[in-house]
Each structure stands twice: as C-alpha cells, then as structure tokens.
Number of protein chains: 4
Amino acid sequence: MTRSLRADAARNRSMLLAAAAEEFASRGMSASVADIARRAGVGKGTVFRHFPTKDDLLAAIVLDRIESLAALARKLYLADDAGQALFDFLDEAAGRQQQLDFSFLRDSGDINDQLRDAREGLYVAIIALVERAQAVGAVRTDVTGLDVILMMCVPAHVVSFVPGAAPDLWRRYLAMVIDGLRPEGAHPLGPPSPAAV
Amino acid sequence: MTRSLRADAARNRSMLLAAAAEEFASRGMSASVADIARRAGVGKGTVFRHFPTKDDLLAAIVLDRIESLAALARKLYLADDAGQALFDFLDEAAGRQQQLDFSFLRDSGDINDQLRDAREGLYVAIIALVERAQAVGAVRTDVTGLDVILMMCVPAHVVSFVPGAAPDLWRRYLAMVIDGLRPEGAHPLGPPSPAAV
Amino acid sequence: MTRSLRADAARNRSMLLAAAAEEFASRGMSASVADIARRAGVGKGTVFRHFPTKDDLLAAIVLDRIESLAALARKLYLADDAGQALFDFLDEAAGRQQQLDFSFLRDSGDINDQLRDAREGLYVAIIALVERAQAVGAVRTDVTGLDVILMMCVPAHVVSFVPGAAPDLWRRYLAMVIDGLRPEGAHPLGPPSPAAV
Amino acid sequence: MTRSLRADAARNRSMLLAAAAEEFASRGMSASVADIARRAGVGKGTVFRHFPTKDDLLAAIVLDRIESLAALARKLYLADDAGQALFDFLDEAAGRQQQLDFSFLRDSGDINDQLRDAREGLYVAIIALVERAQAVGAVRTDVTGLDVILMMCVPAHVVSFVPGAAPDLWRRYLAMVIDGLRPEGAHPLGPPSPAAV
DNA sequence: AATGAATGAGTGTTCATTCAT
DNA sequence: AATGAATGAACACTCATTCAT
C-alpha cells in the first residue's frame, strides 16, 4: 500500500538523480533546478520534496559516487597484484568520472559532514592502495596518495575539452597519467605534495 | 583631443582586462560584471562600452593569453635544445594558467572567429614544438601535439583542488605530466588521439 | 461502521480546528497548512478533506467563536444588572480574543454567507446589550452598539505589541476602553458612528 | 549633471515609498514586491536598487514616520497647555497612522538598530508629553507613557475594520480613547503597565 | 477516509544588459 | 566617453491545492 506509492517516489528520486548528474555534468553547479526537473520529467516542487536544496541534490549524487568508489578501493586492496589493483582502481575511477567529476566538491559552497566523512574514507582507502603499490615497486615512491587522488581526476577533465570525443578517449590520458606515476624514467618532482585536499 | 580620450580609453580597457582576469580567476564565469567594474574602478556602463557582452570580455582576455602563448611557442621553436624548448614552453604555459585556465573557453558558449583563429595558430605552434621534441627523442612518439595541448592544462586544474596550495605547487604536477610524456617507461596509450580540440 | 468513521472524522475535525486556531493565533494568516496538519497530527490531505481551502478552515474557527460569543451575549441579556452584563460580556470577549482576534475576518478575502449571518446575529445581540446598558446609564448614550463592537477588539490588539506580556495584561486596556465608554467625563465624539461594519 | 539623474532616482524613490506604504497598509507585510513595483510604475529591479531587501523598504517607511512623529512630540513639549499638547499629538499621530500603523514593527522580523533608536527616541518624547499632561491633571495618573503609546494605535486599527469609513472616522475613536485617559470617571486598571514595548 | 507525493504559481532576490543623462 | 539608474528574465525556494494510492 505504502509500497506502491513509495515505488513511484523512488522512481522519481532516481530519475532526478540521473537527470541532475547529467545537468551538473554539462553545466556545472549553475545547472538550474528547473532544467533538472524538466529533464527528469517532474515538477519543480518535486525536486525540493526529495532534496531540500540544490546543494543537497548535488551532495546526494557525489556521496553516492564517493561511497561506491571507496567500496571499490577497499575491495581492490585485497587483490593479489598490488600494482594492478591500483591501476584497476584508477581505470574504474577515471571511467566513472566521465559523467561527473569531483570538481563539484569544490564548486559547491560548503561540504556537509556526511560528505566530508565519506571523502575522508575514500582518501584513506586510496592512500592504502597507493602505498601498497609503491611497496611492490609499481609506483614511484616520490608521489603520495594525495597526488594520485588529484591525478585521478585528470582524464575526465582533459576529455571534457574534446568535443565529440570517442567514449573511451579517457583511457588514453589515464595511460599517460599512469606512465607519469611509474618509477621508470621518473624525474624529481620539485615542490612537496600538499598536506591535504 | 581624440588622442587623450583614446589614452584614457586604452587605460580603462587594460584595467578592465586585468580586473576581469582576476575576478574570472577567482570566481569563474560567474564573476559579476559589477564586481569587475568596481575592481577596475570604472562604472558598469564602461565595461559594456568596451566589451558588448560579458562573454566578449572573457574572449578578449583569453585571446590575449593565447596570442602571447603562441608568440612564446614560436620563439622557443628557434631554441637549440628542442626537448628543453618544449619543456620550457610547458613550464611557462602551466604557470600562466595558474591564473586563468582555458576551461573558460569551454564554459563560454560559443567561440568567436578571431579566437578560433588565434587558438588555431597556438595549436600549430605547439604541434611544431612537440614534433621537434619528438625528433630528438625527448618526447615519446605516440603522443600528438593535441595530446600535449590537453595535458598542458592539467597542473592548473589539479592545483585548483588544493586549498591554500603553495604558489609553485603546479610545478609538481607539471613534472608528473612531463614524466608521462617521456619515452622512458612508456606503455601503449590505447585509443588514438582525437582529431581536433 | 459509518458510525465509528464519523467519530474519527469528528475527532480529526476538532483537533484540526484547535491546531489551526493556535497556528493562526501565533502566525496570522500566513500559518502554513502543513504546520497545522502536523500540529493536529494528521496528513495534509485530511485538512483539505475537512475544509476545502485554508480560508474555509479559518472561517470555521471564526464561526465557532462568533456563535459562542453570540450565545453568551444572549444569555447576559437576561442578567439583572444591565451595565454589569455588558461589562461582563466585554471581559469575556476581550479575553477570548487573546487567542484569535477578529482581524482575520478582515484579512481573509471574502466572507461566506454563513459567517455573515452569524456575525449579524452577534452584532444584534451586542447592540441589544449596549442599548440596555445605556438605558440604565451605565454607558454614555453617544456611542452605538457598533462602536462597542469595534472597541471590543482593542485589548487583544494592543497587547499583541507587548512582547512577553503578562497573561492578564489585556484587562488593563479593557479597563481603559470601558472608562472611555462611561458617561462620566464624556466629551463629544465628533464624526458619527459608521453605518455598518 | 548628476543633479538631473538624481532627480529621477529621487522621484522613483519617493513613488516607491508611497506605493509601498499603501501596499503594506492594505496587505501587511505580505504585500509583494512585484505589486509595490507595479503600483510605483517601476521595474522590480528598481525596488531592490533603492532598498536592498523588502524589510529595508518597510524600515525606511517606518523610520520616516517615527522620526517625524518624534519631532512633532518634541515640538509640542514646548507648548503652553500641557494637556492640549498631548491631545494634539495624539490627534496627529492617530491621523497619520491611518495609512500605516506601527503593526509593521511587530510583523517585520527583526528591527534594525537605526529603527530601534528612533523608536526609543519617540517613546522618550511621548513619555515626557504624557508626564507633563499628568502634572497638570489632564490625564489620569495611573496610566503610563507606554500605555498611551499603545492606545495611540487604536483609532487606525479600529477604523481598518470599517469598509468605506468616512475619512475622519478615526477621530471618533480617538475621542473615546482620550476620554478613557482622562481623570474623570477613572476606575482602577487592574494589571500594571508593561515594562517595555 | 486518510495519506503524503506531485504540482506549479508565486516570492524575494540577482544580474547582464540598455539607456538617459 | 562615462556613469549608474532602470529593467526584466532567471533563479532557488515555498506552499496551497490536487490526486493516486
């Protein structure tokens, strides 16, 4: 009874999340709530019923992605080949960010606690992955987990400049990024890694 | 008489460009014309006298930067060490983008002809630099000039995620990018380079 | 079966009236239907099942009060001391309006027929009380029943300006109003009483 | 040069104030900025150019009235007949509030400092007037300045319930209020005067 | 009969752009 | 040529009302 109504609401919620992800991806934080509602095929009021503010809508999307990425990182931490584990993680992360990269974390005014915690958890998991890959010599030792986190966003960003890019073009730039993280042919990096992101 | 007026106007124009560059750099495309005018110390109307729309103001800034970067590329093309020439170019380009990266070109709706031509000129000059660097073995041969152009924006982008970053932090990520462009330790890149940007 | 449903419905209706009276009293006409429903512990839809519009809900409350006040006026008309009867009525009326004064009648767009009739009945009863009090010399003869009706709202209104007022402060201003209605020390009133309210 | 432009702006500002006073008077704080703008014959943006928020617009109106009323009170304090001075003041105050009474001070969320100071000044001036009137026996001694301030708003409020009231009807109710303030026929007031308003 | 999800008109406010001075 | 006042289309968000369940 409540079941079927919930089903409708849940459907709207997920259409909203999908529509918002696309709008945010193409217009950034300045995507308008009206456009998101239109794309999701619902009224403007429905957006606000599900997410009290535009920022909350963005946060919901980002939280989703961060948590699923963190889960992946934790799973890959258990893989046999530490180097491959990190590269697989980067592959998946770069691929997902095709649609919505972390830039929004920066654009969106202030970050809420839940989001901050989730992000922290993701960072911890990635750093562990990186350190394990360094231990087996797969990654140069002068980069930090934070550096890898930052470079992970590069493929999506770079591809965003290429109109009509092939859907897998991001792999090309991920390959370049990864080659820059390898020990072979590494040159000194200059300034030290930042303290936090 | 027109003389002195022109001088005033020119002065206003360049103060406007400087003010706008700073505002755009810190607030992105959503910097307001009113703020730009205030920072430049002129009235809002004066902004529109010089640049018919906000987009035109942005385009003027970008055009400026593109042309000066293209000039630099052409000058470095004449340098003895082809590899160093490219790296020097990237160093300068990445450093300048600290303040205003090309992202705006993407954000700003449509690009005008003058801008398109200038960009084309810059691309040609960079591609020449890259090919010369490849000829002497300083850069892997499976990257194209277009790839380098795209990767050139990476340091500014990456650093933008780091609050309170050291002013030279971008050099760290440029070093990583460059290491990824070197022949040593290069792995296959997968998808081909895009046809155009 | 209909029986028990009716009981439920009646219960909801009166909880709704009580909740709405409190909300309207503290927030005026801009109290929200959602808040009223929440305070009554029912769904928003239920509010509209009982009262087609927010205005109707307000009208129902006011109708209630008007009718009970009219009943009181009629009862007091039978009292021995005509002067005391009127003052007792004003005391009770002013006290009740502590919670919801007639202002809402003015704010709420148009008045419905039932409400108009009830108000008319109240006015008739009050006018009778006043005339009887004048007949025994308790009230100056240059005021009309309508004047008294209007002045009756004064204590609640005045007290509404005093933050943290003592709960019986309205009596102070009712006393002043009544002193103004007495024959002793009466001065000419100037303009004639209005034809209707 | 700036002169003539200012003239236009000043004209708009005062039309805005007038329009807002009328809208606020008839619809209370829920008068809409759009309606005010329409009534003033200007665009919505113009309202915000002159008054940063709706509350500021209201505050400007109220401040104006408060200050001019305070000036009047101070002037009348110098009059020979202390009783007449107070009654003259009440006459003027009640007449002005025909259009916009102090209710707005209550409705408007928070009061700004300038407004609070002005109100304080007005209160001080009125209290002085009252005490002087009491000293010559024109006003009963058991009322305070604060009481008078509160009762001063009565005529405007009462008349607001009379549709199509004669323009001077407020004088009738002011006369009743004043008769209630006289020493003749005064009865005990019951609860003490409030500490502050 | 009751619920609360959905809707969309309306609100206060911002801002690029126009235009009278 | 320069100013800033005026404008109105957008925007995020609220809320009375409707309706599927």
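Here is how names work: the chains are called A, B, and so on, in the same order as the sequence lines, proteins then strands, and each is numbered from 1.
In this structure, C/Arg38 places its CZ atom 13 Å from C1' of F/dT14, rounding to the nearest Å. Spacing between atom CE of B/Met15 and atom P of F/dA2 amounts to 13 Å, rounded to whole angstrom units. Spacing between atom CZ of D/Arg27 and atom P of E/dG12 amounts to 12 Å, rounded to whole angstrom units. Note: CE (C/Met29) to P (F/dT14) measures 20 Å, nearest angstrom. Atom-to-atom, CZ of B/Phe51 to P of E/dA16 comes out at 15 Å; the value is rounded to the nearest Å. The CZ atom of C/Phe48 sits 17 Å away from the C1' atom of E/dA1 (whole-angstrom rounding). The nearest whole Å value for the distance from the CD1 atom in D/Ile36 to the P atom in E/dT11 is 11 Å. Atom CZ of C/Arg49 is separated from atom C1' of E/dT3 by 10 Å (rounded to the nearest Å).
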Item to check | Intra- and interstrand pairs of DNA chain F - dot-bracket, Watson-Crick/G-U under 3.5 Å, | marks other strand | outcome: .||||||||||||||||||||

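Dashed line: the shortest gap from a side-chain N or O of C/Asn12 to OP1 or OP2 of E/dA1 is not under 4.0 Å.
Taken to the nearest 0.5 Å, the CG atom of C/Asp35 stands 10.5 Å off from the NZ atom of C/Lys44.
Contact check for B/Val42 versus B/Met15: no side-chain heavy atoms found under the 4.5 Å cut-off. The side-chain heavy atoms of D/Asp55 and D/Met29, taken from C-beta on, include a pair separated by under 4.5 Å. Contact annotation: the side chain of C/His50 approaches that of C/Thr46 to within less than 4.5 Å [non-hydrogen atoms, C-beta and beyond]. In this structure, the side chains of D/Phe48 and D/Lys54 stay at 4.5 Å or more apart for every pair of heavy atoms. You'll find the side chain of B/Leu17 reaches within 4.5 Å of the side chain of B/Phe51, heavy atoms only.
Closest to the D/Ala9 side chain, of the nucleotides E/dA1, F/dA6, E/dT17, is F/dA6.
When the nearest nucleotides of DNA chain F are assigned to A/Pro52 and D/His50 by heavy-atom distance, the more 5′-ward of the two goes with D/His50.
Side-chain atoms of C/Asp56 come within 3.5 Å of backbone N or O of C/Thr53 as a donor-acceptor pair.
Side-chain contact, B/Ser32 with B/Arg27: no donor N or O sits under 3.5 Å from an acceptor N or O.
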Using a cut-off of under 3.5 Å, enumerate the N/O to N/O pairs linking the protein to nucleotides 8-11 of chain F.
unit_1: F/dA10; atom_1: N6; unit_2: D/Lys44; atom_2: NZ; d: 3.1

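With a 6.0 Å radius and a threshold of 12 heavy atoms from other residues, nucleotides or ligands, A/Arg116 has its CZ atom above the threshold.
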